[in-house]
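Structure record follows, encoded as structure tokens.
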Protein chains: 2
Amino acid sequence: MEAYKIPMNLRAAYLSMHRQTNAHLARFGVTADQFVCLLILAEEDGIIQQELVKRATSDPNTIRAMLVLLEKRGLVVRAPHPRDGRARIVTITEEGRQIFAELVSALEPVRNRLTAQIPEADAKTLNELLRRVVEAME
Amino acid sequence: MEAYKIPMNLRAAYLSMHRQTNAHLARFGVTADQFVCLLILAEEDGIIQQELVKRATSDPNTIRAMLVLLEKRGLVVRAPHPRDGRARIVTITEEGRQIFAELVSALEPVRNRLTAQIPEADAKTLNELLRRVVEAME
DNA sequence: TATTGTTATACTCTATAACTATA
DNA sequence: TATAGTTATAGAGTATAACAATA
């Protein structure tokens, strides 16, 4: 079906990436989705849970479950928001950053395979086109 | 993180598509992944379960669970392979094809949104780049 | 009234390993 | 020995709705 070529390739690309990411992170006891949380926090720390939900394209329950696990392991901290009593500010800890660096290292083969058959210029194009898809789906 | 732009956009694009697909199919009691099974079978009927696993980028357990459900609803049939006693040939039923047509119809808004901000020529490029990613990840 | 987050619940998908029956 | 499929089990992610606290 012509109309489902992009959806099916999008699916295959994501699922393969997700599966290989989980496989490479298994020895750390971290899932691909937990890694996404850490990635977002490593880039912009001190955001509230709801913001994390948006950026991770996730939902409140899932993010909460992940944060509880990550907090138990001392990788993140959830602190009360100083001005909004409802919100919780999430921060990655120093230990979280250290482990995150190891995870990024362990994922090098996956990153390399992902764009192995795509030249630099095309990678930019791919990213831009995906960004437009995301924008349209919001 | 520069290296995670494509992965994160790939993730957001897939998850949004998947979520919206599930939402639009909910009233039929069919999941996005079950739809993928039907799509594959509607295109090339009479393949064995293992082949379905490969094409759906899935695993034996997941595919089996889906097929059992779809078979209970009379949408597919699993018959013994005439020459290989281990294998099962999966076929979509006439009722399966009818419902599949309705599902495709119900998903029109999702398909449209997906490429809403991408001209025809760019859609071809996107598909080709995704195909290369899939190829590299195998 | 609307929003942030939690709790409870149920279901789907995923991964592993052990098993059978066939090849 | 290897392969197709099943069974059992456990865990992770998802969706919904009801709720408390706060804005």
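In what follows, every heavy atom counts, from backbone to side chain, and hydrogens, waters and symmetry copies are set aside. A note on names: the letters A, B, ... follow the listed sequences, proteins ahead of strands, and every chain is numbered from 1.
- For the pair A:Glu108 and A:Arg111, the salt-bridge criterion is not met [side-chain N within less than 4.0 Å of a carboxylate O].
- Taking 3.5 Å as the limit, the base of D:dT16 and the side chain of A:Asn61 contain a donor-acceptor pair of atoms between them.
- Residues from residues 4-39 of chain A placing a heavy atom under 4.0 Å of any atom in DNA chain D, listed by number, are A:Thr31, A:Asp33.
- In 5' to 3' order, the nucleotides of DNA chain C bounding all contacts with chain B (an atom under 4.0 Å from a heavy atom) are C:dT12 to C:dA23.
- Of all the residues in residues 98-107 of chain B, not one reaches under 4.0 Å from DNA chain D with any non-hydrogen atom.
- Minimum interatomic distance between A:Ile6 and B:Asn127 (heavy atoms only, all atoms of both residues): N-OD1, 3.6 Å.
- Taking CD1 of A:Ile92 as the start and CD of A:Glu44 as the end, the distance is 13.0 Å to the nearest 0.5 Å.
- For the contact set between residues 66-87 of chain B and DNA chain D, defined by any heavy atom under 4.0 Å, the members are B:Arg78, B:Arg86, B:Ala87.
- Contact annotation: the side chain of A:Asp122 approaches that of B:Arg132 to within less than 4.5 Å [non-hydrogen atoms, C-beta and beyond].
- Here the side chain of B:Ser58 pairs no donor or acceptor atom with the backbone of B:Val53 at under 3.5 angstrom.
- Distance CG/A:Leu15 to OH/B:Tyr14: 4.5 Å, rounded to 0.5 Å.
- Taking B:His24 as the reference, nothing meets the ring-ring contact (aromatic ring centres under 6.0 Å, His included) condition, with sequence neighbours excluded.
- The backbone N or O of B:Gln50 sits nowhere less than 3.5 Å from a side-chain atom of B:Arg88 that would complete a donor-acceptor pair.
- For the OP1/OP2 pair of D:dT7 and a distance below 4.0 Å, the side-chain nitrogens and oxygens of B:Arg64 include at least one atom meeting the criterion.
- The shortest side-chain heavy-atom distance between B:Arg78 and B:Arg64 falls under the 4.5 Å cut-off.
- Atom-to-atom, CG of B:Asp59 to P of D:dG11 comes out at 18 Å; the value is rounded to the nearest Å.
- Contact check on A:Arg131 versus A:Glu135 returns a salt bridge, with a Lys/Arg side-chain nitrogen under 4.0 Å from an Asp/Glu carboxylate oxygen.
- Rounding to the nearest 0.5 Å places CG of A:Leu10 at 11.0 Å from NE2 of B:His18.
- Contacts with DNA chain D (heavy atom under 4.0 Å) in residues 44-57 of chain A: none are found.
- We find the CZ-CZ distance between B:Arg73 and B:Phe28 to be 10.0 Å, quoted to the nearest 0.5 Å.
- Contact check, B:Arg88 against D:dG5: no side-chain N or O comes under 4.0 Å of OP1 or OP2.
- No side-chain heavy atom of A:Val134 sits less than 4.5 Å from a side-chain heavy atom of B:Ser16.
- For the pair B:Leu103/B:Gln34, no side-chain contact is recorded, criterion being any heavy-atom separation below 4.5 Å from C-beta on.
- We find that B:Asp59 and A:Arg19 are not joined by a salt bridge, their nearest charged nitrogen and carboxylate oxygen being 4.0 Å or further apart.
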